[in-house]
Amino acid sequence: MPYPVAHVMFFVFCICSITVYTTVAGILRRESTTENIAHTLLLLVIGSFFALYPDITVVYNIIVHGTLEHTTIGPLPTHSLLFSASAAFLGAIVGYRIYRDYNKAVYMGLFAESASLSHLLLDDIAKGGINYFYPISDRPISVFSHMDIGGACGDRFTYILASYAAVIYIAFVIMMALFALEHLGFEFRNRAGNR
């Protein structure tokens with residue numbers, strides 16, 4: 001399992017890179033206002049929180065039990081799609097409190113969900129097994145464990161399927177964040193004159 005700083009850096013610089021790029025470019029062109037920079041920092045703080053959200057129980061367990069156990073709340077695994085869906089709900093609540101607009105609240109929920117899914121993605125890569133489908137299945141699943149060269153020598157169908165699933169998973173999380181960020185004010189533009 002990666003350290004918390006790795007989860008935050010992965011989200012900020014890989015999943016949410018458009019925010020960093022547009023803000024830095026605006027600052028360098030002297031087009032950014034204090035309000036724009038504050039909005040960017042707010043999104044990065046919210047995204048960073050939700051990138052760490054599946055490990056939220058570690059705070060309780062350190063204080064109460066003196067352990068670093070962080071993957072469950074009672075019987076509910078925090079590293080699952082079910083728990084991750086609560087990030088979308090909480091993100092939408094935060095979005096509504098900030099913007100007072102239902103549409104932007106939905107996009108903030110998507111943004112929070114992409115941050116939470118990026119945590120699962122990174123843990124899956126690092127430790128090779130997440131309870132994605134709890135409560136349907138208690139069995140840990142790893143999309144990335146079948147992508148090594150040993151997998152290519154064994155069952156080629158599983159290797160190819162896992163490779164496609166992993167790339168689609170990464171692309172899905174990135175596209176979800178980009179879609180939400182576009183509606184929250186960050187986007188790349190295709191300039192027709194610069195071909």
Side-chain angles (χ1 to χ4, degrees), residues 1-17 44 46-94 108-180:
M1 168 190 75
Y3 284 108
V5 70
H7 284 293
V8 171
M9 287 175 50
F10 180 74
F11 180 75
V12 169
F13 294 117
C14 295
I15 306 298
C16 196
S17 59
L44 291 179
I46 290 169
S48 296
F49 173 80
F50 282 104
L52 296 174
Y53 183 63
D55 288 344
I56 197 78
T57 56
V58 77
V59 175
Y60 170 79
N61 285 323
I62 285 174
I63 294 168
V64 175
H65 302 296
T67 68
L68 293 175
E69 176 58 39
H70 64 280
T71 59
T72 60
I73 294 177
L76 177 68
T78 58
H79 289 61
S80 67
L81 295 176
L82 177 67
F83 186 79
S84 184
S86 68
F89 178 72
L90 291 175
I93 291 171
V94 169
M108 185 63 83
L110 280 175
F111 182 70
E113 179 67 15
S114 69
S116 183
L117 288 175
S118 77
H119 183 104
L120 300 183
L121 187 151
L122 206 58
D123 275 5
D124 190 359
I125 291 170
K127 72 178 183 181
I130 302 292
N131 294 337
Y132 285 112
F133 298 113
Y134 179 86
I136 296 169
S137 171
D138 284 344
R139 192 172 134 238
I141 298 169
S142 176
V143 176
F144 297 95
S145 68
H146 298 290
M147 289 182 52
D148 64 357
I149 205 72
C153 296
D155 183 6
R156 290 192 195 277
F157 179 73
T158 302
Y159 173 76
I160 291 169
L161 186 63
S163 297
Y164 278 113
V167 170
I168 289 169
Y169 181 22
I170 293 168
F172 177 76
V173 172
I174 291 170
M175 291 299 167
M176 183 187 305
L178 289 174
F179 180 72

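Source: prediction; values computed, not measured.
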> Donor-acceptor pair, Tyr169 side chain versus Leu117 backbone, under 3.5 Å?
Replying inline: yes
> How close do Phe11 and Ala51 get, heavy atom to heavy atom, and via which atoms?
Replying inline: CB-CB, 3.9 Å
> For Thr78, what residues pass the side-chain hydrogen bond (donor to acceptor under 3.5 Å, both in side chains) criterion, not counting sequence neighbours?
Replying inline: none
> Among all residues two or more places apart in sequence or in another chain, which pass the side-chain hydrogen bond (donor to acceptor under 3.5 Å, both in side chains) test with Tyr132?
Replying inline: Asp124
>> Restricting to non-hydrogen atoms, name the atom on Pro54 and the atom on Phe83 that form the minimum distance, rounded to 0.1 Å.
In response: CA-CE2, 4.0 Å
> What are the two closest heavy atoms between Asn131 and Arg139, and how far apart are they?
Replying inline: OD1-C, 3.9 Å
> If only atom types and distance count, is the side chain of Ser116 paired as donor or acceptor with the main-chain N or O of Ala112 below 3.5 Å?
Replying inline: no
> Got a sec, which residues hit ring pair (Phe, Tyr, Trp, His ring centres under 6.0 Å) with Phe179, two or more places apart in sequence or on another chain?
Replying inline: Tyr107, His183
> Just how far is it from atom CG of Leu81 to atom CD of Glu113, taken to the nearest 0.5 Å?
Replying inline: 8.0 Å
> How about Ser84 and Leu120: do any of their side-chain heavy atoms sit closer than 4.5 Å?
Replying inline: yes
>> Rounded to the nearest 0.5 Å, what separates atom CD1 in Ile170 from atom CD1 in Ile125?
In response: 5.0 Å
>> I need the minimum non-hydrogen distance between Ile130 and His79, along with the two atoms involved.
In response: CG2-O, 3.0 Å
> Are Val94 and Phe49 close enough, and set up right, to give a side chain to side chain contact (heavy atoms under 4.5 Å, CB included), and what steps lead you there?
Replying inline: CA-CA 12 Å; Val94 169; Phe49 173 80; over 6 Å; no
>> Please give me the minimum heavy-atom distance between Ser118 and Ile15, naming the atom from each residue.
In response: CB-CG1, 3.9 Å
>> List the residues meeting side-chain hydrogen bond (donor to acceptor under 3.5 Å, both in side chains) with Ser114, not counting sequence neighbours, and say none if there are none.
In response: none
> Mind checking what makes side-chain hydrogen bond (donor to acceptor under 3.5 Å, both in side chains) contact with Tyr53, not counting sequence neighbours?
Replying inline: Ser86
>> Holding to side-chain contact (heavy atoms from CB on, under 4.5 Å), I want the full list of residues that pass it with Met175, two or more places apart in sequence or in another chain.
In response: Leu178
>> Rounded to the nearest 0.5 Å, what separates atom OG in Ser17 from atom CD1 in Ile174?
In response: 7.5 Å
> Atom OG in Ser48, atom NE2 in His7: separation rounded to 0.5 Å?
Replying inline: 12.0 Å
